[in-house]
Protein chains: 2
Amino acid sequence: MDMPDWVASVDPCDADCPSRDLLDLIGDRWSLLIMLVIGQGFHRNGEIRRRVGGISQKMLTQTLRALEANGLVARHDFATVPPHVEYRLTPLGVSLGHAVGPMFQWIEASYPAVLRARAAYAARQAQAA
Amino acid sequence: MDMPDWVASVDPCDADCPSRDLLDLIGDRWSLLIMLVIGQGFHRNGEIRRRVGGISQKMLTQTLRALEANGLVARHDFATVPPHVEYRLTPLGVSLGHAVGPMFQWIEASYPAVLRARAAYAARQAQAA
DNA sequence: CTGAATCCTAAGGGATACTG
DNA sequence: CAGTATCCCTTAGGATTCAG
């Protein structure tokens with residue numbers, strides 16, 4: 001079926017495979033969206049929260065901490081009052097941004113096909129019933 | 001920070017954005033791993049379950065159904081007894097495989113850097129305490 | 001062999017209120 | 001403004017059992 005070469009190098013048998021580890025990090029509901037928004041130029045807590053519709057303050061802080069702990073985002077606390085904190089992508093974070101580009105392009109390009117597949121599947125289910 | 005172009009086209013404000021929808025689908029713990037294993041040439045329920053370490057039968061079936069419903073995997077039931085069912089990637093699924101290739105390459109290439117960042121973060125935390 | 005059904009717990013994650 | 005802490009409910013998801 002003409003699969004890409006990279007499939008050979010990943011071993012999902014191994015629960016400690018880097019794929020599992022990092023997929024758990026960036027494959028959650030918020031991480032990539034937050035990195036995206038930071039990459040779009042929104043660097044402050046409130047800005048990010050308003051840009052990422054529906055996220056709670058709790059999840060925002062929690063996810064930012066995880067991204068920071070993994071070296072994808074850098075936190076700059078200006079130690080002023082009132083508080084001023086800025087988040088920036090690290091070079092590592094930017095490199096991830098580039099790596100997931102094709103995936104986002106696929107999403108945009110393939111969304112209609114997915115919707116069609118869903119409709120077809122639903123129709124098949126209805127017919128079977 | 002030299003972000004890729006695609007960041008401009010995604011709007012996380014919108015909870016109905018295709019990114020949210022499809023990230024929920026492929027951004028879970030199992031979907032990509034299962035597609036990967038199928039792409040590696042393991043097509044049957046039992047094969048896949050053994051290759052994807054730690055997955056339960058329930059999650060395997062559930063995830064395969066979701067992938068099928070979204071047109072990424074095709075299910076072929078040979079209607080024999082004992083049952084023989086094969087899962088294959090659809091062309092759409094293969095195209096997704098190519099789209100996530102760079103991400104997997106990034107994971108492999110950047111894992112050491114992430115581990116270093118984690119250690120540095122932990123050290124900083126310890127010092128602060 | 002494939003996989004549906006049930007049960008049950010552990011984690012995800014929202015709402016709210018409070019602090020520096 | 002940024003962030004913590006608490007409460008509480010919902011979901012994810014594993015273990016197990018049953019069926020075709």
Side-chain angles (χ1 to χ4, degrees), chain A residues 12-13 15 20-21 23-34 37-38 41-70 73-88 121 124-125 128-129, chain B residues 12-13 15 20-21 23-34 37-38 41-70 73-88 121 124-125 128-129:
Chain A
C13 289
R20 295 270 193 116
D21 191 355
L23 245 29
D24 272 359
L25 171 66
I26 65 179
D28 70 340
R29 176 147 27 286
W30 303 115
S31 292
L32 284 181
L33 295 178
I34 289 175
V37 166
I38 296 177
F42 302 92
H43 303 299
R44 303 190 55 172
N45 183 312
E47 282 179 336
I48 300 170
R49 186 157 38 78
R50 276 186 299 277
R51 289 288 302 178
V52 182
I55 195 172
S56 64
Q57 175 62 50
K58 176 184 171 181
M59 287 313 297
L60 177 56
T61 302
Q62 188 172 307
T63 306
L64 282 170
R65 286 295 172 281
L67 293 174
E68 187 193 0
N70 284 273
V73 161
R75 180 178 186 274
H76 298 293
D77 188 338
F78 290 77
T80 59
V81 47
H84 180 148
V85 177
E86 290 193 359
Y87 296 93
R88 303 266 172 178
Y121 184 81
R124 255 178 288 138
Q125 293 305 97
Chain B
C13 289
R20 296 270 191 116
D21 191 353
L23 245 29
D24 273 358
L25 171 66
I26 65 177
D28 70 341
R29 178 153 15 292
W30 302 115
S31 292
L32 284 181
L33 294 179
I34 289 175
V37 166
I38 296 177
F42 301 92
H43 303 299
R44 303 190 54 173
N45 184 313
E47 283 179 336
I48 301 170
R49 186 157 37 78
R50 277 185 300 276
R51 290 286 303 178
V52 182
I55 194 172
S56 65
Q57 175 62 51
K58 177 184 171 181
M59 286 315 295
L60 177 56
T61 302
Q62 186 172 308
T63 308
L64 283 171
R65 286 294 171 282
L67 293 174
E68 188 194 358
N70 285 273
V73 160
R75 181 178 186 273
H76 298 293
D77 189 338
F78 290 76
T80 59
V81 49
H84 181 148
V85 177
E86 289 192 1
Y87 297 94
R88 305 264 173 179
Y121 184 81
R124 254 178 287 139
Q125 293 305 97

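A, B, ... follow the sequence lines: proteins, then strands. Residue 1 opens every chain.
- Atom-to-atom distance recorded for Arg65(A):CZ and Leu60(A):CG is 9.0 Å, nearest 0.5 angstrom.
- With rounding to the nearest 0.5 angstrom, the CG atom of Asp77(B) is 9.5 Å from the NE2 atom of His84(B).
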Please enumerate all protein N or O atoms sitting under 3.5 Å from an N or O of nucleotides 1-3 of chain D, with distances to 0.1 Å.
from: dC1(D); atom 1: O3'; to: Arg44(A); atom 2: NH2; distance (Å): 3.2
from: dA2(D); atom 1: OP1; to: Arg44(A); atom 2: NE; distance (Å): 3.0
from: dA2(D); atom 1: OP1; to: Arg44(A); atom 2: NH2; distance (Å): 3.3
from: dA2(D); atom 1: OP2; to: Gly46(A); atom 2: N; distance (Å): 2.9
from: dG3(D); atom 1: OP1; to: Arg75(A); atom 2: NE; distance (Å): 2.8
from: dG3(D); atom 1: OP1; to: Arg75(A); atom 2: NH2; distance (Å): 2.3
from: dG3(D); atom 1: OP1; to: Tyr87(A); atom 2: OH; distance (Å): 3.0
from: dG3(D); atom 1: OP2; to: Asn45(A); atom 2: ND2; distance (Å): 3.0
from: dG3(D); atom 1: OP2; to: Tyr87(A); atom 2: OH; distance (Å): 2.8

(request) Might you work through the side-chain contact (heavy atoms from CB on, under 4.5 Å) test for Ile38(B) and His43(B), ending with a clear yes or no? (result) CA-CA 5 Å; Ile38(B) 296 177; His43(B) 303 299; 4.1 Å; yes
(request) I would like to know whether Ile55(A) and Arg49(A) meet side-chain contact (heavy atoms from CB on, under 4.5 Å); could you show each step before the answer? (result) CA-CA 6 Å; Ile55(A) 195 172; Arg49(A) 186 157 38 78; 4.1 Å; yes
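- Put simply, CH2 on Trp30(A) and CG on Leu64(A) are 12.5 Å apart, with the number rounded to the nearest 0.5 Å.
- Under the side chain to side chain donor-acceptor pair (under 3.5 Å) criterion, Arg20(A) pairs with no residue, sequence neighbours left out.
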Polar atom pairs (N or O), protein with nucleotides 6-13 of chain C, under 3.5 Å:
from: dG13(C); atom 1: N7; to: Lys58(A); atom 2: NZ; distance (Å): 2.8

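- Put simply, the side chain of Arg51(B) does not reach to within 4.5 Å of the side chain of Leu33(B), judged on heavy atoms.
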